[in-house]
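What follows is a set of notes on a single structure, which appears directly below.
Keep in mind that this is a model prediction, so the values were computed, not measured. For reference, positions follow the sequence shown, starting with 1. Every heavy atom of this structure was used, including side-chain atoms; hydrogens, water molecules and symmetry mates were not.
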Amino acid sequence: AGGPLTPVTALRRPLSLFSCFHGLGGFDVAATQVGGYYVVAGADSSVVARQLFERRTRATSFPDARAVDWRGLGTAVDVVVASPRTLGFEAGQPEAKLRAAMSSYMLSLRTVFESNALVGVIESGFAVSYADDAKFFKSMASEAATGGYV
């Protein structure tokens, strides 16, 4: 996994960006304001977030990243950015919230792999590194390494 870096893709500008768990805007807003990126699509489970995203970017937002037809986007995705839920990783949170947070992080990781993006950026917090006695972080790191990312 991980798209091969060739001279053509390395020099292509602007870079295409897919925003996973985009919410009301963050990574995609910053990337387009900084320049050098254009948003090709996104995914979020919130209807309101999808409507705002589509109005702001003029790109499609899918209700679930697992439903994306990557070849059907019409362009290769250079960068995947993700802002998965973090509530649940902090100590003392109910088990259900921890499992939901872990699930959204793994979905973000798999979205990077399935997209064949050159770069994957997943927003994180320190609590991710020690959640579930660090087993979760180790499993994410292992899956990333298996997928060809570091």
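The two residues Thr75 and Ser16 come nearest to each other via the heavy atoms CG2-CB, 4.5 Å. Of all heavy-atom pairs spanning Thr111 and Cys20, the tightest one is OG1-SG, 4.0 Å. The minimum heavy-atom distance linking Val121 with Val119 is given by the pair CG2-CG1, 3.9 Å. Contact between Leu24 and Ala49 at its shortest, heavy atoms only, is CD2-CA, 4.2 Å. Across all their heavy atoms, Ala131 and Leu98 have their closest contact at CB-CD1, 3.9 Å. In plain terms, the two heavy atoms of His22 and Ser61 that are nearest each other are NE2-OG, 2.7 Å.
Between Glu90 and Lys97 no salt bridge is recorded (no basic side-chain N to carboxylate O distance below 4.0 Å).
Hydrophobic clustering (side-chain heavy atoms under 4.5 Å, transitive across Ile, Leu, Val, Met, Phe, Trp, Tyr) keeps Val81 apart from Phe21. The cluster map of Ile, Leu, Val, Met, Phe, Trp and Tyr, joined by side-chain heavy atoms under 4.5 Å apart, puts Val29 and Phe27 in different clusters. Under a hydrophobic clustering in which Ile, Leu, Val, Met, Phe, Trp and Tyr are joined whenever their side-chain heavy atoms come within less than 4.5 Å, directly or via other members, Phe62 and Met106 fall into the same cluster. The hydrophobic cluster containing Val80 also contains Phe113, counting ILVMFWY residues as joined when their side-chain heavy atoms lie under 4.5 angstrom apart, directly or transitively.
Side chain of Ser103 to backbone of Arg99: no donor-acceptor contact under 3.5 angstrom is found.
Contact annotation: the side chain of Met140 approaches that of Val128 to within less than 4.5 Å [non-hydrogen atoms, C-beta and beyond]. By the 4.5 Å heavy-atom criterion applied to side chains, Pro84 and Leu107 are not counted as neighbours.
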Before giving the answer on side chain to side chain contact (heavy atoms under 4.5 Å, CB included), spell out for Arg110 and Glu143 the whole-Å C-alpha distance, their side-chain angles and the decisive distance to 0.1 Å. CA-CA 9 Å; Arg110 291 186 180 124; Glu143 191 155 330; 2.9 Å; yes
Side chain to side chain contact (heavy atoms under 4.5 Å, CB included) evaluation trace for Thr32 with Val39: CA-CA 8 Å; Thr32 54; Val39 179; 3.7 Å; yes
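When each of Val79, Asp78, Asp28 is checked for a side-chain contact (heavy atoms from CB on, under 4.5 Å) with Tyr37, only Val79 meets the rule.
Within a 6.0 Å radius of CZ in Phe137, other residues, nucleotides and ligands contribute 12 heavy atoms or fewer.
Its side chain outside the 4.5 Å cluster rule for every partner, Val34 clusters with none of the Ile, Leu, Val, Met, Phe, Trp and Tyr residues.
Note on residues 129-139: no pairs pass side-chain hydrogen bond (donor to acceptor under 3.5 Å, both in side chains), not counting sequence neighbours. Each ring-ring contact (aromatic ring centres under 6.0 Å, His included) pair with one or both residues in residues 66-89, not counting sequence neighbours, appears once here: Phe18-Trp70, Phe89-Tyr105, Phe89-Phe136.
Taking CG from Asn116 and CD from Glu114, the interatomic distance works out to 10.0 Å, rounded to the nearest 0.5 Å. Between the OG atom in Ser45 and the CZ atom in Arg85 there is a gap of 8.5 Å [rounded to 0.5 Å].
A donor-acceptor contact closer than 3.5 angstrom links the side chains of Glu123 and Ser83.
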